[in-house]
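Note: hydrogens, waters and symmetry copies are ignored here, and every other heavy atom, side chains too, is used. Sequence lines set the chain letters: A, B, ... in the order given, protein chains first and strands last, and positions in each chain run from 1.
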2 protein chains.
Amino acid sequence: MHQPEHLKSAGLKSTLPRLKVLDLFENSKERHLSAEDVYKQLLASGEDVGLATVYRVLTQFEQAGLLVRHHFEGGKSVFELNKGDHHDHIVCLQCGHVEEFHDPAIESRQQKVATGLGFAIRDHSLHIYADCTKKKCPHKR
Amino acid sequence: MHQPEHLKSAGLKSTLPRLKVLDLFENSKERHLSAEDVYKQLLASGEDVGLATVYRVLTQFEQAGLLVRHHFEGGKSVFELNKGDHHDHIVCLQCGHVEEFHDPAIESRQQKVATGLGFAIRDHSLHIYADCTKKKCPHKR
DNA sequence: ATGCAAATGATAATCGTTCTTATTTGCATT
DNA sequence: AATGCAAATAAGAACGATTATCATTTGCAT
């Protein structure tokens, strides 16, 4: 159990709801979870947390750098553990599974384009929405 | 005035609110407008349209292919006239202005990456959030 | 001019998220 | 181990964007 230290070093008190949420992200099958996902999974595990707390904790974790927030289509925010690397996302239109990728060529082109237009990149997001080409979509929800 | 034909060919009755909205997109300074933007500008022009109608019309125009919808950060949908071309967006963090660009190298890399992972791209969005590097941001709201 | 389906406007409802506030908890100090 | 207090929580109200409901109005073919 090394989670309390994670929280401590992030300047966050080691409370039960925070440990539960962090644990969920570290042990969940899907890397990408919405606030609703987190809330429901905690309730299903018998944990008794409030939805407002989930939202607060997710935002705090994002600010602390423990989680990264993404805005996929559909409006709702989705979070994932911050592995320290940057990557883009392919969202499967069939099952909603999110696959990650990183392409240095794309990244450097973005820099060139932005610089050429007189902008300094602060952040960017590349989302590809696609169909899995295998006969049966392998990513069960 | 060629707008009524636009609507007709899209299978939409030529009504006053729809003409107003279409006209606004064709004559507005900013290419990218939210439902709220459209509603407020119509009210400001003395036109009396309902907010619900604006939302409905925007969605219909999107489905008819007259407008394209984008989801920038901040949650709300933004629309622009469909010019038929695909392009990506740089959003100025200072003033909210949206600049468009198209980079074939990025596009082709995306195809390669998606194919390599076993996906067929249906749609994608690349949003760069950046600061304008000129001393004074030239894009006044 | 007439009729009727389609479109509108006002408003209620919904969804994701944030705010408010009274209560509870973590944890440092006795 | 008991105490105190700031920080964190839970419940529900509030919020902003969007969608649904429904009675009224409008476009347009007859």
Side-chain angles (χ1 to χ4, degrees), chain A residues 1 3-24 32-43 45-64 66-67 69-79 96, chain B residues 1 3-24 32-64 66-79 96:
Chain A
M1 178 90 92
Q3 295 172 344
E5 287 74 56
H6 280 179
L7 294 177
K8 276 272 176 49
S9 61
L12 295 169
K13 243 186 210 173
S14 167
T15 67
L16 243 46
R18 300 216 256 239
L19 290 173
K20 305 273 180 54
V21 171
L22 197 47
D23 185 63
L24 180 56
H32 302 81
L33 303 173
S34 68
E36 196 68 24
D37 293 336
V38 171
Y39 179 62
K40 282 190 183 147
Q41 290 201 35
L42 288 183
L43 285 197
S45 318
E47 309 295 349
D48 186 23
V49 288
L51 180 56
T53 301
V54 170
Y55 274 101
R56 236 177 305 125
V57 169
L58 290 176
T59 301
Q60 292 163 341
F61 283 5
E62 182 198 8
Q63 288 166 347
L66 293 173
L67 295 179
R69 182 196 298 256
H70 299 292
H71 295 276
F72 295 140
E73 265 174 38
K76 46 170 59 175
S77 289
V78 172
F79 298 81
Chain B
M1 178 89 90
Q3 293 171 348
E5 287 73 57
H6 279 177
L7 294 177
K8 278 270 176 51
S9 62
L12 294 170
K13 245 187 211 173
S14 168
T15 67
L16 242 47
R18 300 214 256 240
L19 290 173
K20 306 274 179 55
V21 171
L22 198 47
D23 186 63
L24 180 57
H32 301 81
L33 302 172
S34 68
E36 196 69 22
D37 293 336
V38 171
Y39 179 63
K40 283 189 182 146
Q41 290 201 34
L42 288 183
L43 284 196
S45 317
E47 310 295 352
D48 186 23
V49 288
L51 180 55
T53 301
V54 170
Y55 274 102
R56 243 180 327 211
V57 168
L58 290 176
T59 301
Q60 292 162 341
F61 283 5
E62 182 199 7
Q63 288 166 348
L66 294 173
L67 296 178
V68 178
R69 182 196 299 256
H70 299 292
H71 295 276
F72 296 137
E73 265 174 38
K76 49 169 57 174
S77 290
V78 172
F79 298 81

So how far is it from A:Thr15 OG1 to A:Leu7 CG, rounded to the nearest 0.5 Å?
-> 7.5 Å
Between the side chains of B:Arg56 and B:Thr53, does any donor sit under 3.5 Å from an acceptor?
-> yes
Just how far, in rounded Å, is P of D:dG12 from OH of A:Tyr55?
-> 17 Å
Considering only side-chain heavy atoms of B:Ser77, which listed nucleotide, D:dT18, C:dG9, C:dC27, is closest?
-> D:dT18
Touch class at under 4.0 angstrom, heavy-atom based, for A:Ser34 against every strand present | nothing
Value in whole Å for how far the C1' atom of D:dT9 lies from CG of A:Leu7 = 15 Å
Look at all strands and tell whether B:Thr15 reaches a base, only sugar-phosphate, or nothing, counting heavy atoms closer than 4.0 Å.
-> sugar-phosphate
Give one of base, sugar-phosphate or nothing for A:Arg56, where a contact means two heavy atoms less than 4.0 Å apart.
-> base
Where the side chain of B:Arg18 is concerned, which of C:dA7, D:dA10, D:dT18 is the nearest nucleotide?
-> C:dA7
Could you give the distance from NE2 (B:His32) to NE2 (B:His70), rounded to the nearest 0.5 Å?
-> 5.0 Å
Base-pairing assignment for D:dT30 (Watson-Crick or G-U wobble, both under 3.5 Å) = C:dA1
Starting at CG of B:Leu19 and ending at P of D:dC28, how long is that distance when rounded to a whole Å?
-> 9 Å
A:Leu16 CG to D:dA7 P: how many Å, rounded?
-> 20 Å
Expressed in angstrom and rounded to an integer, what is the separation of A:Leu58 atom CG from D:dA8 atom P?
-> 15 Å
With respect to the side chain of B:Lys13, which nucleotide from C:dG9, C:dA7, D:dA6 is positioned closest?
-> C:dA7
Roughly, in whole Å, what's the span from OH in B:Tyr39 to C1' in D:dT19?
-> 16 Å
Proximity to the side chain of A:Ser14 - top-ranked nucleotide from C:dT18, D:dG27, C:dC27 = C:dC27
Minimum-distance nucleotide (side-chain atoms of A:Leu51 versus D:dA10, C:dT17, D:dT18) | C:dT17
Paired to D:dA13 by Watson-Crick or G-U wobble criteria (both distances under 3.5 Å) is C:dT18
Measure the OG-CG distance between A:Ser45 and A:Asp23 for me, rounded to the nearest 0.5 Å.
-> 9.0 Å
Would you kindly give the CG-to-C1' distance between A:Leu12 and C:dG26, to the nearest whole Å?
-> 13 Å
Where each residue is assigned the nucleotide of DNA chain C containing its nearest heavy atom, which of B:Ala52 and A:Glu36 is assigned the position nearer the 5′ end?
-> B:Ala52
Specify the separation, in whole Å, of atom CD of A:Gln60 and atom P of C:dC19.
-> 12 Å
Smallest separation among heavy atoms of B:Val78 and B:Phe72, with atom names = CG2-CD1, 4.1 Å
